[in-house]
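Single-structure report; data block below.
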Amino acid sequence: MSSARHTQEPTRGERPAHPVISAHRVEGTPVFNQDGALIGNINDLMIEKVSGQIASATMSCRAVLGVGGGRFPIPWSMLTYDTHFKGYVVDEQKLHDARSLKGDHGQESDLPWRDDVYGYWDTLRYWK
């Protein structure tokens with residue numbers, strides 16, 4: 001991945017022209033830090049079976065700012081879609097100590113593990 005930077009002001013919060021998107025189109029969507037530098041891509045979505053709510057996105061990232069590359073589960077509420085970047089924005093500093101995925105996605109169905117991830121990101125748990 002390149003370390004491309006975008007120079008225009010982000011347009012977070014604006015409604016995209018197409019507000020609903022297929023899950024397979026989200027895969028591969030770029031993820032930027034708050035300064036507009038590309039830091040990774042969405043490679044999977046975790047969807048709660050009963051409610052249909054998106055629980056988290058799995059982000060693949062390269063090693064940046066002391067954050068080792070890997071796959072990170074990020075609560076969906078912590079990603080902001082930016083219509084100018086045509087991608088998501090996440091707090092890169094929070095990735096520094098975030099839990100990464102090991103192997104397959106099995107641990108995401110483990111409630112204590114999910115609770116720890118959501119606690120780290122300091123966001124409401126969708127299951128409570």
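Looking only at side-chain heavy atoms (C-beta outward), Glu27 and Leu45 stay at 4.5 Å or farther from each other. The shortest distance between side-chain heavy atoms of Ile74 and Val117 does not fall below 4.5 Å. Looking only at side-chain heavy atoms (C-beta outward), Met59 and Arg71 stay at 4.5 Å or farther from each other. Residues Phe72 and Leu101 form no side-chain contact, since every pair of their non-hydrogen atoms from C-beta on lies 4.5 Å or further apart. Tyr120 has its side chain within reach of Asp97: a pair of non-hydrogen atoms, C-beta onward, lies under 4.5 Å apart. Within the 4.5 Å cutoff, no side-chain heavy atoms of Met46 are placed close to those of Ile54. Counting heavy atoms from C-beta outward, Asn33 and Leu95 have side chains that stay 4.5 Å or more apart.
Between Pro75 and Trp121, the shortest heavy-atom contact is CD-CD1, 3.4 Å. Considering all non-hydrogen atoms of both residues, Asp91 and Gln93 come closest at OD1-N, 3.0 Å. Of all the heavy atoms in Phe85 and Val89, the pair that sits closest is CD1-CG2, 4.0 Å. For the residue pair Thr29 and Gly87, the shortest heavy atom distance occurs at CG2-CA, 3.8 Å. Smallest separation of non-hydrogen atoms from Ser100 and Trp113: O-CZ2, 4.3 Å. Pairing each heavy atom of Gln34 with each of Glu92, the nearest pair is OE1-N, 3.4 Å.
For the atom pair CH2 (Trp76) and CD1 (Ile47), the distance works out to 9.5 Å, reported to the nearest 0.5 Å. To the nearest 0.5 Å, atoms CZ (Arg125) and CZ (Arg114) are separated by 11.0 Å.
The main-chain N or O of Pro30 is never found under 3.5 Å from a side-chain atom of Lys86 such that the two would form a donor-acceptor pair. No side-chain donor-acceptor contact under 3.5 Å links Gln53 to the backbone of Ala55. Formation of a donor-acceptor pair under 3.5 Å by the Arg99 side chain with backbone atoms of Pro73 is not found in this model. In this structure a side-chain-to-backbone donor-acceptor pair under 3.5 Å is missing from Asp35 to Ala37.
Of the N and O atoms on the side chains of Asn43 and Ser60, at least one donor lies less than 3.5 Å from an acceptor on the other residue.
Under the 30°/60° scheme for interplanar angles, the aromatic rings of Tyr88 and Tyr81 are found to stand perpendicular.
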task = Apply the test side-chain contact (heavy atoms from CB on, under 4.5 Å) to residues Val31 and Asn41: give CA-CA distance (whole Å), side-chain angles for both, the deciding distance (0.1 Å), then the verdict.
result = CA-CA 5 Å; Val31 178; Asn41 296 83; 5.7 Å; no
